[in-house]
Trainee: 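Please read through the structure below; I'll follow up with questions.
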Amino acid sequence: MAYSYDDQNIFAKILRGEIPNNTVLETEHTLAFRDIAPKAPEHVLVIPKGAYVSFDHFCNAASDAEILDFHRTAGRICTALGVEPGEGGDGYRAITNAGENGVQEVPHFHLHILAGRPLGPMVVMR
Ligand code: AMP
């Protein structure tokens, strides 16, 4: 099935410079910026510049260069935040929501990096 990308989504507008963002890091293929409604003391969103709807879309359709750049940028964000557990940091959670069951609000693939407090259980059972 072909993925349908809505180029009016809020992150597409950020990438076009139509609305502002609080950039943490920008590379050739990737942008990282602070979440406008942070759920933890540190809450950074990492997004590819390409038009990908979800994690699976990105993994299946992005170029090797985009995938490499995205992950290196996410790693650099963890370093910049000082949260790497192997380097004495207190850790973090990296989450991506996809589609209806994943409760994805913005249909442009993004990785949430949350840190700065204990984040509780991964998912609440019910
Ligand atoms: P998700 O539910 O995984 O799609 O998450 C979307 C995230 O985007 C939420 O955490 C929002 O707070 C965040 N968000 C929405 N609009 C903006 C914006 N203009 N700048 C930064 N973050 C935003």
Trainee: side-chain contact (heavy atoms from CB on, under 4.5 Å) with Glu18: which residues, sequence neighbours excluded?
Mentor: Lys13, Arg16
Trainee: My understanding is that a hydrophobic cluster links ILVMFWY residues whose side chain heavy atoms are under 4.5 Å apart, including indirect links. Using that, what else belongs to the cluster containing Leu111?
Mentor: Val24, Leu25, Val44, Val46, Tyr52, Phe55, Phe58, Ile67, Phe70, Ile77, Leu81, Val83, Tyr92, Phe109, Ile113
Trainee: Give the minimum heavy-atom separation between Lys49 and Glu28, together with the two atoms involved.
Mentor: CD-O, 3.3 Å
Trainee: Please step through side chain to side chain contact (heavy atoms under 4.5 Å, CB included) for the pair Leu15 and Ile47, ending with a clear verdict.
Mentor: CA-CA 9 Å; Leu15 287 166; Ile47 71 171; 3.8 Å; yes
Trainee: Less than 4.0 Å between a side-chain N and a carboxylate O, is that true for Glu42 and Arg117?
Mentor: no
Trainee: If you look only at pairs with a residue in residues 67-78, which of them pass as a side-chain hydrogen bond (donor to acceptor under 3.5 Å, both in side chains), with sequence neighbours excluded?
Mentor: Thr27-Asp69, Thr30-Asp69
Trainee: Do you know the tightest heavy-atom contact between Pro85 and Gly91?
Mentor: CD-CA, 4.1 Å
Trainee: When Ile, Leu, Val, Met, Phe, Trp and Tyr are grouped by side-chain heavy atoms lying under 4.5 Å apart, directly or through other members, which residues fall in the same group as Leu68?
Mentor: none
Trainee: Taking side chain to side chain donor-acceptor pair (under 3.5 Å) as the definition, give me every residue that meets it alongside Ser54, ordered by chain and number, with sequence neighbours left out.
Mentor: Asp56
Trainee: State, yes or no, whether a side-chain contact exists between Val103 and Asn97 at a heavy-atom distance under 4.5 Å.
Mentor: no
Trainee: Less than 4.5 Å apart, side chain to side chain, heavy atoms only: is that true for Tyr5 and His108?
Mentor: yes
Trainee: Which residues satisfy the side chain to side chain donor-acceptor pair (under 3.5 Å) test with His43, sequence neighbours excluded?
Mentor: Asp35, His112
Trainee: How far does CD1 of Ile14 sit from NE2 of His110, to the nearest 0.5 angstrom?
Mentor: 10.5 Å
